[in-house]
Amino acid sequence: YLIGDANGSQQSAANDGESNKRKHEDDADTQNEAGNKRGGKKERKRGQNKVSRIIKDHESPIFNPIPSQNRPVFKDERFSHLCHSLIDGPGGAPCALQNCRYVHDLDAYLAAKGEELGSECYVYATKGYCSRGVTCRFAKSHTNAEGRNLKAPHYDERTAATTCNGISAELQVRLRKHDYDFGRSKEVIKLAEKLRDERKQVEQEKKQQDTKESTQEEKQQVTEEVKQEIPVDAAQQEQRTAPIGSAIDDSTSGRDAPRKPVIDFREKLVLSPLTTVGNLPFRRICKEFGADITCGEMACAVPLLKGLGQEWALTKRHESEDIFGVQVCGNNPNVITQAAQVLHDTARVDYIDLNIGCPIDLIYQQGGGSALMRRTNILELTVRSCAALSDKLPFTVKMRTGVYADKSVAHELLPLVEEWGASAVTLHGRSREQRYTKSANWDYIEQCASQAKQMPVIGNGDILSYQDYVERREQAPHVSSVMIGRGALIKPWIFQEIKEQKFWSPTSTQRFELLRRYCNYGLEHWGSDTKGVESTRRFLLEWQSFLYRYIPEELQQSPPQKINARPQKYRGRDEMETLMSSNNAADWVKLSEMLLGPVPQGFSFVPKHKANAF
C-alpha cells in the first residue's frame with residue numbers, strides 16, 4: 001500500500017492540494033489588490049488564514065468569532081431565526097414582545113429551512129425531547145401530523161440536562177453592572193503582596209549580610225565558627241515563605257494544614273486543553289477511550305469578568321467528565337484572581353489551571369501566556385492569591401520550558417511555583433520560540449520534575465503511541481503523569497492503547513462511526529437546528545485537519561508512527577480509508593456531507609491551526 005513519490009495518483013493528489021492552496025492565496029492576493037485600488041492598506045497574510053471566505057467559529061452556539069485579518073465578522077441575524085413562541089409548532093402561546101425581531105411566519109420559515117437530514121433525531125432518541133422543536137433538521141421524527149413538537153413518555157426534565165456550567169442571566173447582569181462581590185479576591189491579593197514584599201526584604205537583607213561577611217573575610221582571618229554564615233531564624237523564614245491559605249482561614253483546615261489532596265494528579269492520563277478542537281464533544285470521545293482528567297479550552301479572564309457568553313461556553317462540562325478543570329489566561333493578577341473566584345463560586349469545576357505557556361502573539365504581546373514566565377513578580381502574586389482562594393479547589397500551572405529556545409527557565413520557576421502554593425505543574429518540553437518544531441525535551445522535563453519536593457509534575461509533548469508513553473516514563477521517572485494533546489487529536493484512542501499496552505488499529509468503518517458519534521454529540525451540544533449543524537460541521541472539519549495524519553498500524557513503514565515524522569504516502573485498504581488519509585480540505589468537507597448533509601452554498605473551509613512540524 002506504500003506509494004512512491006513518482007506514483008501518478010499520489011502525485012496528482014498532492015498537486016491538487018498545492019493547486020488548491022495556490023488558488024486560496026491568489027484569491028487573497030486579488031482581494032488585497034482590490035483593497036489597494038480603493039485606497040485601502042494592503043493586509044499581511046499570516047499562517048493558513050489567507051482566504052476572506054474563511055469562517056472561524058468560536059466555542060459558542062452563536063457565530064461571534066474573534067475579529068482577525070482576512071476573517072469576516074458574522075453577525076447574529078435574528079430576522080432569520082424563528083421566534084421562541086413557535087419553537088414547538090403552531091398552537092402555542094402568542095409572542096408577548098411587541099418589537100420582536102424574530103420570524104413569526106411559521107410556514108415561510110419551514111419552507112426556507114431546508115431538507116431533513118435524517119429520519120432520526122439523536123437528541124430526541126436519547127433524551128425524549130428535542131428543545132430545537134420544529135427548527136430541528138430532523139424534526140419529522142418528533143413532530144405530529146399537526147406539526148407540534150412531541151415529548152416521549154420517558155422524558156424527565158430533571159435528568160435531561162447532561163451539561164453544566166456556562167453563565168446564567170442573573171450572573172451576567174451582576175458582572176456587567178460590576179455588582180459582584182470580589183472582596184475575597186482583593187483580600188488574598190493584599191496578603192500575597194505583603195508576603196512577596198517580606199520575601200524580597202529577607203532576600204535583600206541576606207544579600208547585604210553575605211556581602212558584608214565576604215568583605216570582612218578578606219580583611220582578617222577568623223576561626224571556622226565565625227566564618228559560618230548566621231542563618232535566618234527558621235520559624236520566621238517558614239512563616240514568610242509559606243503559602244497564604246492560613247492567612248484567610250484561621251482554622252486548622254487551611255492550606256498549611258496537613259491534608260489529603262482534593263485531586264490526585266499522579267499516575268493519570270490527562271487530556272490537554274486544546275483551543276477550538278478541545279471542545280466538549282471531543283472531550284466526551286476521549287473520556288470514552290479512557291482519559292482520566294479533562295480540561296476545557298483556554299478562557300481569557302477579562303471576557304469572563306465581562307460576562308461574555310461565548311467565553312463562558314468554554315467552561316461547560318459534560319456529566320461524563322468526572323475530573324474537569326478550566327484553564328484561564330491573563331496578564332493581571334487581580335483580574336485572574338477575580339475570574340478564579342467567580343468560577344469557584346458559580347461553576348462546577350474540580351481545579352483551575354493557569355496558562356503561562358501560550359505562544360500566541362496576541363496573548364504574549366499583552367503580557368499573558370508565556371510572557372508571564374518572564375514576569376515573575378506578577379506570576380507570584382497570581383499563583384499565591386489563586387491558590388489561597390479555596391482549600392478545596394486546586395490551582396495548577398501549565399508552562400513551557402521558557403520563551404527562547406536557548407534559554408530555559410522552567411527549572412528555576414517550577415520550585416518557586418510549588419513554594420507559592422500550586423497543586424501541580426504541567427511542563428511542555430518546548431519553548432515559545434520553538435512552537436511545535438523540534439522534539440519535546442523530556443530530559444529537561446525530568447530535570448525540572450526532580451526539583452519538585454512533593455508537587456506532582458505532569459509531562460507533555462510528542463506522545464502518539466503507548467510505546468512513546470513507556471519510553472517517556474522511563475526517561476523521566478520523576479514525572480507523575482502525562483498530558484496528551486496533538487496525539488489525542490490524531491488518534492483519540494491513544495488513552496485506551498496506553499492502558500491496555502497494545503495497539504488498536506480501527507477499520508475505516510469504525511473510524512467513520514467515531515465521526516458519526518462526534519457529530520451526534522455536537523448536535524446535542526450546539527443544537528440540531530441549521531446553526532447547530534453548521535457549528536458541528538466547522539468543528540468536525542477542524543478536527544479532521546489532525547485526524548487525516550493517522551496511519552493505520554498495518555500500513556506503517558517503520559512503526560510506531562512518530563508525531564513529528566512526515567507522514568508516508570500510501571493508499572488505503574478501501575476507498576473510505578483512502579479518503580480519510582487525504583490532506584485536501586475538500587475531501588474533509590465530503591466526509592462531513594456524508595454525516596451532516598450538503599454544505600450551504602458558497603461554503604469554504606481552511607483549517608485554523610497548523611500544528612505540523614515535520
Side-chain angles (χ1 to χ4, degrees), residues 59-62 81-97 100 102-104 106 109-110 113 116-174 279-281 283-285 287-288 294 296 307 309-310 312-322 324 326 343 345-350 517-533 535-536:
E59 167 72 1
S60 171
I62 298 177
H81 300 163
L82 187 67
C83 178
H84 191 73
S85 62
L86 296 171
I87 286 292
D88 285 332
C95 180
L97 301 177
C100 181
Y102 293 103
V103 176
H104 293 84
L106 181 59
Y109 177 86
L110 294 178
K113 186 181 73 168
E116 294 280 305
L117 298 181
S119 59
E120 182 183 70
C121 174
Y122 173 79
V123 180
Y124 179 77
T126 54
K127 295 186 176 182
Y129 174 71
C130 178
S131 60
R132 303 295 171 173
V134 297
T135 67
C136 174
R137 297 298 299 274
F138 309 84
K140 288 184 179 179
S141 63
H142 52 77
T143 53
N144 58 19
E146 290 77 26
R148 290 288 297 173
N149 194 29
L150 301 176
K151 288 184 179 180
H154 64 274
Y155 173 71
D156 187 354
E157 187 175 359
R158 296 170 297 179
T159 60
T162 57
T163 61
C164 60
N165 297 344
I167 186 170
S168 64
E170 183 266 340
L171 176 60
Q172 193 173 50
V173 170
R174 290 174 61 191
N279 44 63
L280 185 143
R283 298 197 304 270
R284 288 182 65 178
I285 296 288
K287 282 297 298 183
E288 292 172 355
T294 57
Q310 64 266 31
W312 276 89
L314 304 178
T315 69
K316 288 188 176 180
R317 170 184 188 171
H318 190 259
E319 62 181 6
S320 63
E321 299 180 89
D322 49 350
F324 173 77
V326 171
L343 290 170
D345 293 344
T346 63
R348 287 180 53 194
V349 295
D350 298 308
R517 203 157 78 227
Y518 176 88
C519 290
N520 288 336
Y521 295 163
L523 295 175
E524 180 182 347
H525 181 55
W526 291 299
S528 55
D529 56 352
T530 299
K531 180 180 289 188
V533 168
S535 293
T536 302

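FYI, the numbering just counts along the sequence from 1. Predicted model, so just to flag it, every value in this text is computed and none were measured.
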Write down the atom of [X], the atom of [Y], and the distance for their closest heavy-atom approach.
X      : Y      : answer
Ala139 : Gly133 : CB-O, 3.8 Å
Cys130 : Cys121 : SG-SG, 4.0 Å
Glu116 : Cys136 : OE2-O, 4.0 Å
Val134 : Leu86  : CG2-O, 3.6 Å
Lys287 : Ser320 : CE-O, 3.3 Å
Tyr122 : Asn520 : CD2-O, 3.4 Å

* To do: Test Tyr124 against Thr143 for side chain to side chain contact (heavy atoms under 4.5 Å, CB included), laying out the working first.
  => CA-CA 11 Å; Tyr124 179 77; Thr143 53; over 6 Å; no

Atom [atom1] in [X], atom [atom2] in [Y]: separation rounded to 0.5 Å?
X      : Y      : atom1 : atom2 : result
His104 : Leu106 : NE2   : CG    : 11.0 Å
Arg137 : Ser528 : CZ    : OG    : 10.0 Å
Arg132 : Phe138 : CZ    : CZ    : 13.0 Å
Leu280 : His318 : CG    : NE2   : 6.5 Å
Ile167 : Thr315 : CD1   : OG1   : 8.5 Å

Check whether any side-chain N or O of [X] sits under 3.5 Å from a backbone N or O of [Y] as a donor-acceptor pair, and report yes or no.
X      : Y      : value
Lys127 : Asp156 : no
Arg148 : Pro90  : yes
Glu524 : Val123 : no
Arg174 : Ala169 : no
Lys140 : Gly118 : no

* To do: Before giving the answer on side chain to side chain contact (heavy atoms under 4.5 Å, CB included), spell out for Arg348 and Asn165 the whole-Å C-alpha distance, their side-chain angles and the decisive distance to 0.1 Å.
  => CA-CA 6 Å; Arg348 287 180 53 194; Asn165 297 344; 3.6 Å; yes

* Asked: Under 6.0 Å from the NE2 atom of His84, do we count more than 12 heavy atoms belonging to anything else shown?
  ->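 Incorrect, the count does not exceed 12.
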
* Asked: Do Leu171 and Trp312 pass the side chain to side chain contact (heavy atoms under 4.5 Å, CB included) test, and can you show the C-alpha distance, the side-chain angles, and the key distance before you say yes or no?
  -> CA-CA 11 Å; Leu171 176 60; Trp312 276 89; 4.1 Å; yes

For the pair [X] and [Y], find out whether any cationic side-chain nitrogen is under 4.0 Å from an anionic carboxylate oxygen.
X      : Y      : result
Lys151 : Asp88  : no
Asp529 : Lys531 : no
Arg284 : Glu321 : no

* Relative to the ring of Tyr155, is the ring of Tyr129 parallel (under 30°), tilted (30 to 60°) or perpendicular (over 60°)? ->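 Tilted.
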
* Asked: Regarding Asn279 and Tyr518, is there a side-chain donor-to-acceptor distance under 3.5 Å anywhere?
  ->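 Yes, side-chain donor-acceptor contact under 3.5 Å.
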
* For Thr162 and Glu319, test the side chains for any donor-to-acceptor distance below 3.5 angstrom and give the result as yes or no. =>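 No donor-acceptor contact under 3.5 Å links the two side chains.
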
* Set of residues satisfying salt bridge (Lys or Arg N to Asp or Glu O under 4.0 Å) with respect to Arg517, sequence neighbours excluded ->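 Glu288.
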
* **Residue list, ring pair (Phe, Tyr, Trp, His ring centres under 6.0 Å) with Phe324, at least two apart or on another chain** =>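 Expected list: none.
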
* Start with the C-alpha gap between Leu82 and Tyr102, add the side-chain angles, then the distance that decides, and say whether side chain to side chain contact (heavy atoms under 4.5 Å, CB included) holds. => CA-CA 6 Å; Leu82 187 67; Tyr102 293 103; over 6 Å; no

